[in-house]
Amino acid sequence: MLSFSIYSLIIYGILGAIIYHYIPQKYRGIFLSVFSILVCTVWMRGAVTCLIFAISVGIACLKLMDRCINPDRRKWILGVGISILIFNLLCHKLLYSYFVGNKTYEGNSFVTFVMPLGLSYYSFKIISYLIDRYIGKITNATFWEFVSYVSLFTQIASGPISRYEEVDVNSSIDVEPKLVYEAVYRLTKGLFYKLVIADRLSTYTITVMNDYNSYSSMALWMAMLLFSIELYADFAGYSEIAIGLCCLFGFNVKENFRNPYFSSSFREFWNRWHISLSTWLRDYVYIPLGGNRRGELRKAANVLIVFLVSGIWHGNNLCYILWGLWHGILNILSPKEIKRKCNIYLGRIFTFLLVSLGWLCFRLESVADICSYLDGMINRWSLSLGDIVSSIMPFSGDMSCVAIVLTIGLFIVLTAILEWNEYRGHKVNKNLRVGFYTFSVILFGAMGANGFIYANY
Amino acid sequence: MKNKRIISVLVIILLMVSLLIIKAEYASLIYRDSTYGMPALVAKGGIENLYLGSSMFRQGLDIESIENHQGDSYILAYNGNQPISELIELEYLISNNVKIKNLYVDMYAYSMTAVPDISDDKLFLETDISTKYRLWQSIEDKSLRKLWSVCVSANNDMILTAPIVNPILNSQFRSGGALTVTGGLDGDACGKLVPPVDTDIINEEQKKAVGDIVTLCKENDIEVVFIETPKSQVVMRDLNYRSIMESYRELLDDHGVQYISSEDYKFDYDNSYNFIDAIHLSYQGRVNFSENLLICDKLAQ
């Protein structure tokens with residue numbers, strides 16, 4: 001049995017899709033539910049009980065709402081259901097923060113139970129389903145269709161947090177060459193981002209950030225910027241693979257990333273980064289709070305609340321709350337529109353730098369570490385050749401890692417060019433890209449353990 | 001259209017396989033003009049004094065001192081080199097008509113306890129297909145991941161960036177010896193060192209390989225001497241290390257082979273600046289050790 005990794009995700013995804021298309025339409029919901037739960041059991045072991053518990057809460061809530069005519073009572077039932085799910089999520093995050101943060105745990109099995117794979121993702125999926133059902137957006141989904149939506153294994157680890165209509169088994173189309181080709185394109189792109197960019201960069205970021213007090217300011221700046229790229233490549237890579245696998249099932253899942261690092265403002269950034277989460281927060285937190293309809297002050301407060309919720313969703317450590325505040329404040333201060341071209345380019349640079357600073361909250365363990373890291377970034381500048389060399393190549397006693405550094409630099413530049421073309425809306429030559437991604441993954445992919453950073457949230 | 005696509009895919013696969021075969025057999029040619037490694041030594045055709053070992057030798061031997069005392073010399077060192085891989089490297093050199101007069105082998109204790117493995121992928125870059133196969137056969141980890149690394153992904157960075165990287169690396173070496181100047185450890189850091197291995201059980205395959213190296217040298221009229229490089233005090237005093245070295249000396253005595261151990265030369269083990277970690281010498285340590293080694297009686301013999 002393959003434990004959770006990029007390879008097991010792809011193998012199970014292809015296997016599941018092949019069987020799925022041989023099953024008659026009316027049984028596909030059952031098959032996908034059972035198959036997803038089985039795969040989740042292999043990945044999560046005992047922690048799959050958490051998924052089953054969350055699904056049970058969702059089902060109970062739906063049944064009670066369906067039987068109830070009184071609108072106030074229906075609202076109350078919805079509120080209780082959402083509260084239980086959020087309470088469950090927060091409890092697990094607190095336990096994880098306490099035990100793992102204090103290093104009082106032993107062994108991975110405890111960690112997988114305390115913070116089950118995908119808890120944050122499927123909890124939000126259930127909440128969105130319940131609300132959509134309450135407001136009448138979803139009317140006729142069956143038990144198995146609901147279970148298959150929540151437990152869909154291709155999205156369980158790191159999203160996207162799809163809406164029900166995107167992965168509704170009734171609307172899945174039969175596989176055709178165009179879909180398979182789209183899936184191949186996304187799978188190769190995802191593997192490229194993950195194995196060629198993210199996993200290679202992690203060698204550098206781990207070396208520097210795990211021992212940041214030993215490195216100069218230059219190394220700390222480089223590690224921060226490269227971690228930004230690593231996080232994006234890891235998460236976007238996973239999303240591409242997840243969406244590609246969904247294509248094989250005949251689902252039309254929306255994009256989760258649209259070249260976010262070319263954004264010229266924070267507003268634009270959040271229209272391009274983790275789109276499924278930002279739209280979820282917009283639809284189920286921001287708009288119900290009043291959105292921008294109750295004045296500027298209330299709008300600013302709503303934005304702050306949304307980003308605080310986003311921070312807590314990622315983790316309840318003070319670092320994540322700080323991250324949420326950081327993005328909330330910068331979002332409030334972000335201009336609605338940038339007219340001058342030079343300001344747009346400056347905006348891109350500053351947005352990337354400020355976003356990268358925010359990612360330190362994800363990487364370092366405490367606020368004290370963040371302060372210490374920032375202090376190092378400012379106060380340990382050195383122009384000695386030895387420090388400059390160890391900043392660029394910190395992990396080898398000899399100079400042979402020059403090749404590794406140059407190669408990863410080349411791939412980052414090539415990826416940036418490809419992403420810039422996408423951002424500008426230029427036509428994408430998918431044939432060429434599939435060839436490039438495949439060639440690069442085979443020859444330069446880091447074939448290590450291959451977990452995903454965002455699977456921790 | 002469908003057939004065209006299938007043909008394109010097949011052509012690409014064929015191209016990729018061909019590239020990998022060409023890489024496996026001929027990539028070493030890129031390094032024939034290097035200042036380190038096996039291709040450069042093969043291109044040289046012969047050497048009077050060859051120092052064959054691991055990073056202990058690369059970090060621990062000063063090529064300038066050696067060339068001043070002994071003349072024509074070369075240091076062939078790979079990270080984590082073990083007797084098993086050293087044997088295969090020696091066979092490769094001999095089969096490529098490299099004439100060796102004197103061979104000095106790294107008497108590294110921890111390599112004798114190690115499970116057969118290849119730590120340094122450069123070995124796969126610098127040899128031909130048949131030697132790669134022999135190296136692959138010798139190691140214990142024959143997982144799919146390792147096989148993929150050996151046959152497909154290892155060293156591609158080096159090949160891709162060769163025009164830029166080769167001149168940089170060549171400036172760091174001469175006749176295989178490192179020219180880099182590394183600082184040593186201060187007393188506090190030295191006090192925190194621990195021995196890297198905690199066993200004294202000798203691996204039988206490594207033991208056999210030592211015997212095979214000796215036999216191969218005798219068959220090819222090569223004078224062979226084993227050399228122990230200095231290690232930090234924490235290692236020199238480690239009971240496991242001492243036990244392994246005792247067994248190593250007995251093994252060499254059984255084969256009637258000369259060795260130069262730590263007792264045969266002077267070295268200041270108490271000076272922490274001679275080391276960069278528990279087992280590797282700094283530039284200062286390298287020069288001190290090399291000078292003392294080259295004037296010791298056993299080497300003169």
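Keep in mind it's a predicted model, so treat the numbers as computed, not measured. In the text below, chain A, chain B and the rest are named by the order of the sequence lines, each starting its count at 1.
- Residue contact with chain A, scored on non-hydrogen atoms closer than 4.5 Å, involves the side chain of B:Leu160 exclusively.
- Listed for the B:Ser290 side chain is a donor-acceptor partner under 3.5 Å among the backbone atoms of B:Asp62.
- Looking at A:Ile408, neither its backbone nor its side chain comes within 4.5 Å of chain B, counting heavy atoms on both sides.
- In terms of heavy atoms, B:Ile118 sits closest to B:Ser85 at CD1-CB, 3.8 Å.
- Sorted by first and then second residue, the salt bridge (Lys or Arg N to Asp or Glu O under 4.0 Å) pairs involving residues 206-224 of chain A (not counting sequence neighbours) form an empty list.
- Checking B:Tyr78 against B:Glu89 by side-chain atom types alone, no donor-acceptor pair falls below 3.5 Å.
- Residues satisfying the ring-ring contact (aromatic ring centres under 6.0 Å, His included) criterion with A:Tyr437, sequence neighbours excluded, are A:Phe192.
- Salt bridge present: B:Asp117 and B:Lys146 bring a charged side-chain N and a carboxylate O closer than 4.0 Å.
- Residues in residues 426-435 of chain A take part in these salt bridge (Lys or Arg N to Asp or Glu O under 4.0 Å) pairs, two or more places apart or across chains: A:Glu182-A:Lys430, A:Glu422-A:Arg433.
- Interface with chain A: from residues 18-27 of chain B, residues B:Leu19, B:Leu20 qualify, criterion being any non-hydrogen pair under 4.5 Å.
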